[in-house]
Amino acid sequence: MGVRVPPGAPHAADRGIFWYNTQLQGRKQKDMAEITLEQRRHSAAHLMARAVMNLFEDVQVDIGPATDEGFYYDFDLPHRLSPEDFPKIESEIARLIALDEPFVRKEVTADEAKKLLAGQKYKLERLADVVADGVAISTYAVGDYVEMCRGPHVEHSKQIGVVKLTRVAGSYYRGDEKNKMLQRIYGIVAKDQAELDEIVARAEEAKRRDHRRLGTELDLFHLDPEDPGQIFWHPRGWSIYVTLQDYMRRKLVKDGYREVNTPAIMPRSLWERSGHWAHYQQNMFITESEKRLFAVKPMNCPGAIEIFKSRTRSYKDLPLRLAEFGHCARNEPSGTLHGIMRVRGFVQDDAHILCTEEQIEEEVAKFCRLLKDVYSDFGFDKNLLIKLSTMPEDHVGDEATWQHAESALAAACKAAGMDYEIQPGEGAFYGPKLEFTLVDALARQWQCGTIQLDYQLPSAERLNAEYIGADGKKHHPVMLHRAVLGSLERFIGILIEHYAGAFPVWLAPEQVRVLPISDKALAYAEKVRGALAAEGVRVEVDDSAEKLGAKIREASAWKVPYKLVVGPRDEAAGTVSVRKSGEGDLGAMSLDDFVAKIRGELEP
RNA sequence: GCCACUUUAGCUCAGUAGGUAGAGCACAUCCUUGGUAAGGAUGAGGUCGGCGGUUCGAUUCCGCUAGGUGGCUCCA
């Protein structure tokens, strides 16, 4: 088979599908004899297409690959598909599976394929791509249904198992928003009903961890429908927020950064010079005062440059690392908003490093080390994915500079002991970048950290930042935009789901709850609280009229890591009875011992 | 922004073949003072997202609009 593109494969430009293809291409021929999950999913997609064509009029089919979760198929038809159609389609698929017909592969010529696909405009367009690639064209037939496809498939349809449709969604043809929107149905396959139930149960677990749900349950924040994409942080959520921010602040200071703060609202004239007015205006909140236009900042970078420019700079000042937890506002399209993960008002652990070209590599390596250090405190350092995005077609600056910049990023990764994969042409128009994607407890991927090279903003054409070199002449520094956590909001959303709301002690908004067994123990409970508060522990007393069992249940629901039961026996002995999340009853220990114990857990 | 779906009490959700609504949890008051995952009683709470249409009558049907959800595009 070699490396040829399988016939019928979607065009490589279809992102997301590209991955799937490359994975299959790498598969050895002998593996194809076995029935894989991909084959079952992919075959289920075919039968779903067949079912939809059997049930509805004027169906145009596009493509239907397997995914990490299951499969989907894209259709264009006059009927508006909805979940109400699922039972009907599912039972038609079940009927087709029960026929247990073989999947028959056949290689055909372009003309034969054209005849087979007559009337299917999307398929014919896809065929043209395959023909252009000059590779063999194959078809798969199951019963009376034939489709151009490179396979592989199951041998006969009963091998697919059971199929359940999960959702219907819109999807642009070839993933391009300028194209028509098709109707996509997603589905999953399982060996039998029992496995299907398991998959459904897993999905429910993810739903239980959903940060939007836990954010409400744990009283961390709320989102007001009247102000979409803006977060109201409640005391418990804000406690997590500032704890994380303080933690990051300490890391930055230790790593040679200086923290600054710049205005939230800046004038049009500045944004014109920075290029944002021309390139980013759609995403900016613009306001007016006394006939002058201003914009709420979507990024902190111009502010950092203004600080750099506030006095004459020497090469001896470089690298200058300016950190800023500046609140940014971006007018994101409504459809992209998602809980606190994707919002319109947010703060990044942002910093801008102004340095010479020679310093780039060392600065990037330094950043990589910092990122690894921080991620390890959350257990995110294990499955870190790093992507190096290189020069896009539409770029500024000469190729030699780009090449130098790209190799500096690559060398820095190696110096930090990190593997990376290259995303050709995915860099920003002003410079290449590294993106860091972490994998959470549910194996989901999140892009958080990034470091981005920028020759443009400090240049004479933009904000004109200059320093005096050793040669006594003026030079423009290079700017590195970088963030470790990304936005604090998104990172906290990830943490909520990663920990299922049960934060480690150092991050927990309430670290200890003291539970007096009755109000006779209230005074002692108050004494325990005072002793812990003096240590900087976030501690509360449950002075409600409930019984102990109810208090424990309540504290557990709020995911308080330590519960200290105190009663007359403890008061007499100067002890607390310790109960810890996940570990249960640890028995009684002296208050001093407990203080010593928790002291060690107040830092990551 | 695009496609589909969706919006009932603070939260999770019932419900009305069109005759202005219910549960559990949470909340309030009272009783209970109980040593490791829900003690009991009583009570308060909603012009059923907003606007318009059909109708004798709309929370229910239709249209528009806003928010949300799932995708797509984009992205920290």
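Letters A, B, ... are given to chains in the order of the sequence lines, protein chains preceding strands, and every chain is numbered from 1.
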Salt bridge (Lys or Arg N to Asp or Glu O under 4.0 Å) with [X]: which residues, sequence neighbours excluded?
{"X": "A/E259", "value": "A/R249"}
{"X": "A/K207", "value": "none"}
{"X": "A/D377", "value": "A/K251"}
{"X": "A/K580", "value": "A/E583, A/E601"}

Pairs satisfying salt bridge (Lys or Arg N to Asp or Glu O under 4.0 Å), at least one member in residues 211-226 of chain A, at least two apart: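 Output for this query lists A/D210-A/R212, A/R213-A/E217.
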
Cation-pi geometry met for A/R184 and A/Y72 (6.0 Å, 45°):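 Yes, a cation-pi geometry holds between A/R184 and A/Y72.
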
Residues that A/A525 engages under side chain to side chain contact (heavy atoms under 4.5 Å, CB included), provided they are two or more places apart: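 Only A/V514, A/P516, A/V541, A/V566 meet the side chain to side chain contact (heavy atoms under 4.5 Å, CB included) criterion with A/A525.
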
With A/P83 via side chain to side chain contact (heavy atoms under 4.5 Å, CB included) - residues at least two apart: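 For A/P83 the side chain to side chain contact (heavy atoms under 4.5 Å, CB included) partners, ignoring immediate neighbours, are A/F86, A/V168.
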
Enumerate the protein-to-nucleotides 4-8 of chain B contacts in which both atoms are nitrogen or oxygen and the separation is below 3.5 Å.
residue : atom : partner : partner atom : Å
B/rA4   : OP1  : A/R80   : NE           : 2.6
B/rA4   : OP1  : A/R80   : NH1          : 2.8
B/rA4   : OP1  : A/R80   : NH2          : 2.9

Residues touching RNA chain B, which here means a heavy atom under 4.0 Å, drawn from residues 513-527 of chain A: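 The answer is A/I517, A/S518, A/D519, A/K520.
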
Nucleic acid contacts of residues 217-230 of chain A, taken as heavy-atom distances under 4.0 Å to RNA chain B: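 Per residue number, the list reads A/P225, A/P228.
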
Where RNA chain B forms stems, i.e. three or more consecutive Watson-Crick or G-U pairs with both distances under 3.5 Å: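 Stems found: B:1-7 with B:66-72, B:10-13 with B:22-25, B:27-31 with B:39-43, B:49-53 with B:61-65.
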
Summary of protein contacts for nucleotides 39-52 of chain B, nucleotide by nucleotide, where a base hit scores B, a sugar-phosphate-only hit scores S (4.0 Å, heavy atoms): B-------------

Ring centroids of A/F346 and B/rA76 base under 5.5 Å with planes under 30°: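 Yes.
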
